[in-house]
Amino acid sequence: MSYQPYPTGGFDQLPQQGPATPPPSVRTAVKLMYAGAGVSALSFIIGLITIGSLRQAIIRASNKPLTNNQLHTAEAVGIAFIVLLGLIGVGLWLWMAWANGRGRNWARIVAAVLFGLNTLGLLSVVARPSAAGTKIFDIVGWLIGLGATIFLWRKDSSQYFTQSQLR
């Protein structure tokens, strides 16, 4: 006598899917994000190298004469700001590259929000007088972010992120 297996609701009949390979658009976006991390790191290094000019920049920007203590405090805050933003910038690029390369849909959304914030930051950088070198890094970083964002929201990328959510 032979018995038929009891139906289990179809869960065991779903095809087992391995990890999906990211489409070329996602791979390109991830490469652009790594390039963005490189540009951010280079900008960070140049910021550290040019810290010596920070004192003169603070003096020029001040509306009144500063005491040595005020100048020292402003320099310390400026250096902390350069280090903190530099490390955060590089870290965010690397984190977004890692998460988007693995198909995390939330990362695609976070990357788009970060690009929007970067756009606002670029507008403030372009509006204020500063060294042309730093503006160039900001513009290049923004262009890289634009490219990555475009590639992340293409149709084949959206299908990849949707499939990755189902796993």
Side-chain angles (χ1 to χ4, degrees), residues 22-154 156-158 160-161 164-165:
S25 59
V26 172
R27 289 194 305 268
T28 301
V30 168
K31 288 176 187 174
L32 286 170
M33 290 177 194
Y34 284 126
V39 168
S40 288
L42 187 59
S43 177
F44 174 54
I45 291 168
I46 289 173
L48 291 177
I49 291 171
T50 61
I51 281 179
S53 65
L54 184 60
R55 175 179 281 267
Q56 290 303 319
I58 292 168
I59 292 170
R60 280 192 308 270
S62 177
N63 295 337
K64 60 181 179 169
L66 299 172
T67 66
N68 281 337
N69 284 341
Q70 290 171 326
L71 189 55
H72 178 72
T73 301
E75 281 182 297
V77 169
I79 291 168
F81 192 69
I82 289 169
V83 170
L84 184 65
L85 288 182
L87 293 175
I88 288 173
V90 172
L92 285 174
W93 278 110
L94 294 174
W95 181 43
M96 288 296 99
W98 175 83
N100 279 291
R102 281 157 183 73
R104 307 295 196 270
N105 194 49
W106 62 264
R108 181 169 70 146
I109 295 165
V110 169
V113 169
L114 290 173
F115 175 70
L117 293 173
N118 191 13
T119 300
L120 295 175
L122 179 67
L123 293 174
S124 72
V125 166
V126 171
R128 69 174 184 219
S130 65
T134 58
K135 283 185 182 182
I136 290 171
F137 280 109
D138 291 331
I139 291 169
V140 169
W142 183 85
L143 289 171
I144 291 170
L146 174 65
T149 302
I150 289 170
F151 280 109
L152 285 177
W153 291 93
R154 290 181 46 151
D156 57 335
S157 297
S158 294
Y160 168 70
F161 285 105
S164 294
Q165 274 186 312

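- Here the closest heavy-atom approach between residue Tyr160 and residue Gly101 is recorded as OH-O, 3.1 Å.
- Smallest separation of non-hydrogen atoms from Ala37 and Leu94: CB-CD2, 3.7 Å.
- Between Ala99 and Ala107 the shortest heavy-atom distance is CB-CB, 3.4 Å.
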* To do: List the steps, then state whether side-chain contact (heavy atoms from CB on, under 4.5 Å) holds for Leu48 with Val83.
  => CA-CA 8 Å; Leu48 291 177; Val83 170; 3.9 Å; yes

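- When every heavy atom of Met33 is checked against every heavy atom of Leu152, the shortest pair comes out as CE-CD1, 3.3 Å.
- By the side-chain contact (heavy atoms from CB on, under 4.5 Å) test, Leu66 pairs with Ile58, Ser62, Gln70, Leu71, sequence neighbours left out.
- Between Ile144 atom CD1 and Ser40 atom OG the span is 8.0 Å, to the nearest 0.5 Å.
- Residues forming a side-chain contact (heavy atoms from CB on, under 4.5 Å) with Ser25 (at least two apart in sequence, or on another chain): Pro23, Phe151, Arg154, Asp156, Ser157.
- Remark: Phe137 CZ to Phe44 CZ distance equals 13.5 Å, nearest 0.5 Å.
- Separation of atoms CD1 (Ile109) and CZ (Phe161) is listed at 9.5 Å; rounding is to 0.5 Å.
- Distance CG/Asn100 to CG/Asn105: 9.0 Å, rounded to 0.5 Å.
- Under the 3.5 Å distance criterion, with hydrogens and angles disregarded, no donor-acceptor pair is assigned to the side chains of Trp153 and Ser158.
- By the side-chain contact (heavy atoms from CB on, under 4.5 Å) test, Ile45 is found to be paired with Ile49, residues two or more places apart in sequence or in another chain being considered.
- The shortest non-hydrogen separation linking Leu32 to Ala148 is CD1-N, 3.5 Å.
- The distance from the CD1 atom of Ile82 to the CG atom of Leu85 is 9.0 Å, given to the nearest 0.5 Å.
- Looking at Ser43, its side chain never comes within 3.5 Å of a backbone N or O of Val39 through a donor-acceptor pair.
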* Using the side-chain contact (heavy atoms from CB on, under 4.5 Å) rule, take Val30 and Trp98 through it: C-alpha gap first, then chi angles, then the decisive distance, then the call. => CA-CA 8 Å; Val30 168; Trp98 175 83; over 6 Å; no

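- Closest non-hydrogen pair, Val125 versus Lys135, comes out as O-CE, 3.4 Å.
- How far CD1 of Ile136 is from CD1 of Ile46: 10.0 Å, rounded to the nearest 0.5 Å.
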